[in-house]
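Written below as structure tokens is the structure these notes are about.
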Amino acid sequence: MATISATGAALVWFRRDLRLADNPALHAAIETGRPLILVFIDQRDRALGTAPGEAADWWLHGSLASLARDITAAGGRLSLLRGDPAELIPGLAREHGIAEVFWNRSGEPGIDVRDRTIAATLQGSGTKPHAFAGTTLINPDALLTGSGTPYKVFGAFWRAALRDLAPRPSLPVPQRLPMAATLPAGAALEDWRLRPANPDWAQGFHDRWQPGEAGAAQRLERFLDDALDDYADGRDRPDKPGTSMLSPHLGFGEISPRQVWHSVQARLAAGTGFQAAERFLAEIGWREFAYYLLHHFDDLRTANFNRNFDHFSWRSDADGLAAWQAGQTGIPMVDAGVRQLWATGWMHNRVRMVCASFLVKHLRCDWRDGMAWFEHTLIDADRAVNAASWQWVAGSGADAAPYFRIFNPVRQGERFDPEGRYVQQWVPELARLPLRWIHQPWKAPAITRQTAGLKLGAGYPFPVCDLAAGRDAALAAYKDMKTVSSDTPPD
DNA sequence: GTTTTGTTATC
DNA sequence: ATAACAAAA
């Protein structure tokens, strides 16, 4: 048994937990009374899938800048390192005489496994590792059905979770960060070039988002003040600021689900309607469910949760996929969503469902292609949530929408963008079209289109697929799949 | 977290 | 002719 140096430093390894408040690893490190070394390691491991998309990189830059500022204000310093943590962390431990290493678990099985080997290496060389929960509220191993199996239905899962969910109070922001005398020589954030320069396609991101802990807190307060009371309806309206827009902040750990939980409880105590709060917390619940599923089914990102879908006849439609990715499908709600994604790095949740359904059902493209694209373009790309959500829409997932629940993007537009303002904002080609036709421009009389300055096929595309035909083909493919899979014994 | 279709009720 | 509803997909 190796001995632990009483004089050594405590290393805090920041990952997707870029916050000072309610940070269990940081808190525990400070409690030791040891001098601190604070590092962030940028890992671009393709195999582990930890290389962020370009939009997420834009966010990472801002989040790290914010964290570094906050750390400096508390008398500390954040060292930015790049490389393989499995080598860097033990190396740092040796070079800097580090006694203990602290981090918060990721909640992603692949990363957690990797981290356990790092912990073992550290242990073997006399450095004590400490890993904490924090990414989620729920310990996935402690929540099982009566028969000891993982929940597969969200309602049952969340009900069971809520029965004894009593998150302890959030941890305070440390006032001072006493640093070790010698710190790792880190990179300058600017040198990592995480943000696009030329052309700066992220121009539209800057005035919409404030990455970092302060921005996260502000976003939450604004949501609770302005939108929570009407959340049950407002959340479905992409033309209005009805959702929390916390996803990128949660994804980078600038705010913890526990902080969100307690903030909502405080509003409940102050008179916020129970139904609205419950509805919002259920969205936190869906995030929990995604991590829970990925924990128990670690091929959730690559394989159909429902193996019957292994027999589904996905089309390899490169043109359709490209049109979808470009926001040029000719279906206004779909194109508006994708263009919002391009311009802001984010898409409204209702529209995510519409876009995903269109890709997976009308175009019958494989959900994994859609998932990959979202991870490349979303600032909130969360690997657990993305996998669970795409499988949900595709019908292959746990507690998924039945496959035959096929969103009609025209009807969705009429219901949730009833004044056409969302489409007008993101598809300006259609802005002058009367409301009656804005969600289905191909049906507008020629004279109306002409008056609105719209040339289908020139200014704005014809639909890449006929909605009724696409729907019927999807249902037929689903029927085929069921026939085939009932003939095929499960393996 | 849906849509479509068929049936019945109501103008 | 159309709204309202249930059932099927």
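Just so it is clear: chains get the letters A, B, ... in the order the sequence lines come, proteins before strands, and each one is counted from 1.
Sorted by residue number, the members of residues 349-365 of chain A with any non-hydrogen atom under 4.0 Å from DNA chain B read A/Asn349, A/Arg350.
A/Leu475 places its CG atom 10 Å from the P atom of B/dT4, with the value rounded to the nearest Å. For the pair A/Leu467 CG and B/dT3 C1', the computed distance is 12 Å after rounding to whole Å. For the pair A/Arg471 CZ and C/dA9 C1', the computed distance is 7 Å after rounding to whole Å. The interatomic distance linking A/Lys479 (NZ) with C/dA9 (P) rounds to 8 Å, in whole Å. At whole-Å resolution of the value, NZ in A/Lys482 and P in C/dA8 are 13 Å apart. In this entry the distance linking CG of A/Asp472 with P of C/dA8 reads 19 Å, nearest Å. If you measure from atom CD of A/Glu414 to atom C1' of B/dT3, you get 13 Å, rounded to the nearest angstrom. Nucleotide B/dT2 holds its C1' atom 7 Å from the CZ atom of A/Phe407, rounded to whole Å.
Judged purely by atom type and a 3.5 angstrom limit, A/Asp112 uses its side chain to pair as donor or acceptor with the backbone of A/Gly107. The backbone N or O of A/Gly204 lies less than 3.5 Å from a partner atom in the side chain of A/Arg208, making a donor-acceptor pair.
Electrostatic pairing of A/Glu429 and A/Lys455 does not count as a salt bridge here, judged by no charged N lying under 4.0 Å from a carboxylate O. A salt bridge links A/Arg301 and A/Glu375; the closest N-O separation between the charged side-chain nitrogens and carboxylate oxygens is under 4.0 Å. A salt bridge does not link A/Asp239 with A/Arg350: none of the charged nitrogens is closer than 4.0 Å to a carboxylate oxygen.
Between A/Phe309 and A/Phe312, the angle of the ring planes stays under 30°, which puts this pair in the parallel group of the 30/60° scheme.
Applying the 4.0 Å criterion to OP1 and OP2 of B/dT2, one finds that A/Asn408 has every side-chain N and O outside that range.
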